[in-house]
Amino acid sequence: MSNNITARTPLFPHAFVLKDIQNAYVSGMQKDLGLHGNQLNYITTAWTCGYVIGQIPSNLLLTRIRPSIWIPAMEVIWSVLTMSLASAKTFSTVIAIRFLVGLAESTFYPAIQYVIGSWYKPDELGKRACIFHVSVACIECFGRYVQRFLQEACGGISSSSPRTHGKFKGAYDGLNNVHGLAGWKWLFIIDGIITIPIALLGFLIMPGQSNLTDLPSNTPPSLIYSQAQIDMANRRMAEVGRKPPTHFTRKKIIGFFTTWHVYLLTLLYVLFNNGANPSMSMIFWLQSFNTPEKTVYTIGQINTYPLGINAVQVLTTLSWAWWSDAIKERWPPMVVSGIWNMITCIVLAATPLYTHIVRRWIFYYFTLVTAGMSGLILTWANELTGADSEKRSFVVASCNTFAYVMQAWLPIVIFPQVEQPRVFKGTVATAGINFAMVWTAITVRLLQRRDERRAAAELLQESASDEAVSDVKHGITVVSEEKVE
């Protein structure tokens, strides 16, 4: 049954579609809408604000609204909003739509991680969470070849910067002025068309079709799940102490903030999320070899060679996941990958740009070895807060929310584009971030062990109390019987 859940949890194509509006901006949108100054930054910020604001409320709603309705519905809304960008005629309209797009998109990633955490045991959860997360890296590795095919099918390849998305070039070249619409408008329309059918599929194949919350405790028999499978799912969650949703109370909500989980797990996720900044530098490094007089790397090579980073990410992520599930511990991969990435950053900071080229090339490929920690940290959050479903949804969403709050400004400060590809201070700072991640993971494990000892002591004390009460009752019974005799 667990494998069925994985297969029936659809990956909506956010990684396929162009969420970044920059390509549209520089290829006609700016002129058509009369945009200027820092308005592109404001448009990007509007999306980030919606994405950050929506995650925690959305995840809490999942304990009350069926995920098999909520998640696909928000994807349909996301698609409609994205296509509506093609009709925008003013800056204020773009700002409003982009904010709503971010709000709709905020549902997806933390929601799927929460749902996955509602069905799997510790020796299964890490693999599923990481497989879901690593699919984005797989798309990065193979999607560009698909994009090139679409480019050619749509009408040729334009000369563009190495950062330009292949699908955009295909849409712009092949569909520009078709039915009177500019190429950048077709981009948003295509994004929505791609997403809608998969979103609709989500209504059919996500776990649980007629239940309250699409969790094992509330799933009735259906064409997809038999009663025996549902009973097995409930037993599995009971065995690991993962509780079903209950009522919200003031005491419960206050309890979200009275333990260390939300603070340290969120910090751990924020550190992980900002610990791979040098991965952005390889494309700038390759580009820096070219001069007006000489081309060392073509645009195709500049786009293709950094894909080795994603290939290493896939391999290491899956390795961390299988290792973590095998030993039923989450912290060892975090420590190993964090130290590995810390060494990587130190080597990159110490290596000159244009000598020891092979060394720099290899270590650029190592810059995403910590990427698999996303799935494992959220797996850990699902396990550590499993006794309270509402708290679990809150902590999982908080991790991703505050990671994006930091990511909205920290890379700009420590990895400014004007310092690429060297970015010495940012690379050294990233080594420090990985060091902090390692010690935060160790701290979480120590606190987990302390809580386990306390729980075991309380259980032993309760058992002793029960035995004492039983002995007293037995003594009273014996005395009574003697009196009767």
Side-chain angles (χ1 to χ4, degrees), residues 10-30 32-33 35 38-62 65 67 69-113 136 139 143 163-165 167-168 171-172 181-203 273 397 400-405 407-409:
L11 174 61
F12 295 103
H14 285 193
F16 281 114
V17 298
L18 180 61
K19 297 182 291 184
D20 190 348
I21 204 168
Q22 291 178 352
N23 285 333
Y25 182 88
V26 300
S27 302
M29 186 179 183
Q30 178 184 13
D32 291 350
L33 301 187
L35 304 177
N38 289 323
Q39 288 184 331
L40 176 59
N41 292 336
Y42 298 144
I43 291 169
T44 302
T45 301
W47 177 89
T48 303
C49 289
Y51 191 72
V52 167
I53 290 170
Q55 289 188 61
I56 293 175
S58 171
N59 242 36
L60 291 175
L61 281 172
L62 284 178
I65 301 175
I69 290 179
W70 179 250
I71 297 173
M74 295 305 290
E75 292 301 309
V76 171
I77 292 171
W78 183 94
S79 304
V80 172
L81 289 168
T82 298
M83 289 190 289
S84 71
L85 282 167
S87 66
K89 293 181 172 57
T90 64
F91 168 68
S92 58
T93 302
V94 175
I95 285 285
I97 294 174
R98 285 295 287 176
F99 173 80
L100 294 174
V101 167
L103 203 62
E105 192 167 332
S106 67
T107 297
F108 185 64
Y109 187 72
I112 293 295
Q113 291 288 1
V136 176
I139 291 169
R163 301 289 285 177
T164 300
H165 200 285
K167 183 186 65 183
F168 175 79
Y172 190 87
L181 295 177
W184 66 265
K185 294 185 177 183
W186 278 110
L187 167 68
F188 298 121
I189 294 171
I190 291 171
D191 285 349
I193 291 172
I194 290 172
T195 308
I196 284 178
I198 302 179
L200 294 176
L201 186 63
F203 287 111
N273 200 56
N400 208 48
T401 295
F402 288 98
Y404 268 85
V405 169
Q407 195 175 29
W409 62 269

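Minimum heavy-atom separation, Ile189 to Ala86: CG1-CB, 3.9 Å. The minimum heavy-atom distance between Pro72 and Ala199, with the atom names listed, is CB-O, 3.3 Å. Met83 approaches Ile196 most closely through the heavy-atom pair CE-CD1, 3.5 Å.
When side chains are defined from C-beta on, Tyr42 does not count as touching Leu35, because their heavy atoms never get closer than 4.5 Å. Val76 is listed as a side-chain neighbour of Leu200, based on a closest heavy-atom distance under 4.5 Å. Contact of the Phe108 side chain with the Met74 side chain is not registered, since no non-hydrogen atoms from C-beta on lie closer than 4.5 Å. Counting heavy atoms from C-beta outward, Thr93 and Ile97 have side chains that approach closer than 4.5 Å. Within the 4.5 Å cutoff, side-chain heavy atoms of Ile95 are placed close to those of Ile43. Looking at heavy atoms from C-beta onward, Thr195 lies in side-chain contact with Glu75 at the 4.5 angstrom threshold. In this structure the side chain of Ile53 reaches within 4.5 angstrom of the side chain of Phe99, judged on heavy atoms. Using a 4.5 Å heavy-atom threshold, the side chains of Thr45 and Arg98 count as separate.
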Evaluate Asn400 against Gln113 for side chain to side chain contact (heavy atoms under 4.5 Å, CB included), listing each step before the verdict. CA-CA 11 Å; Asn400 208 48; Gln113 291 288 1; over 6 Å; no
Should Ser58 and Trp70 be marked as a side chain to side chain contact (heavy atoms under 4.5 Å, CB included) after you check the CA-CA gap, both sets of side-chain angles, and the distance that decides it? CA-CA 9 Å; Ser58 171; Trp70 179 250; 2.9 Å; yes
Going through the checks in order, is the side chain to side chain contact (heavy atoms under 4.5 Å, CB included) test met by Gln39 and Leu33? CA-CA 11 Å; Gln39 288 184 331; Leu33 301 187; over 6 Å; no
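Residue Tyr404 is tested with Tyr51, Tyr109, Trp409 for a ring-ring contact (aromatic ring centres under 6.0 Å, His included); the sole match is Tyr51. When Leu81, Val80, Ile77 are each tested for a side-chain contact (heavy atoms from CB on, under 4.5 Å) with Val101, only one passes: Leu81. Of the residues Leu62, Thr401, Asn59, the one that meets the side-chain contact (heavy atoms from CB on, under 4.5 Å) test with Pro110 is Asn59.
Rounding to the nearest 0.5 Å gives a distance of 12.0 Å between CD1 of Ile56 and CG of Leu61. Note that the CG atom of Leu60 and the CD1 atom of Ile65 stand 11.0 Å from one another [nearest 0.5 Å].
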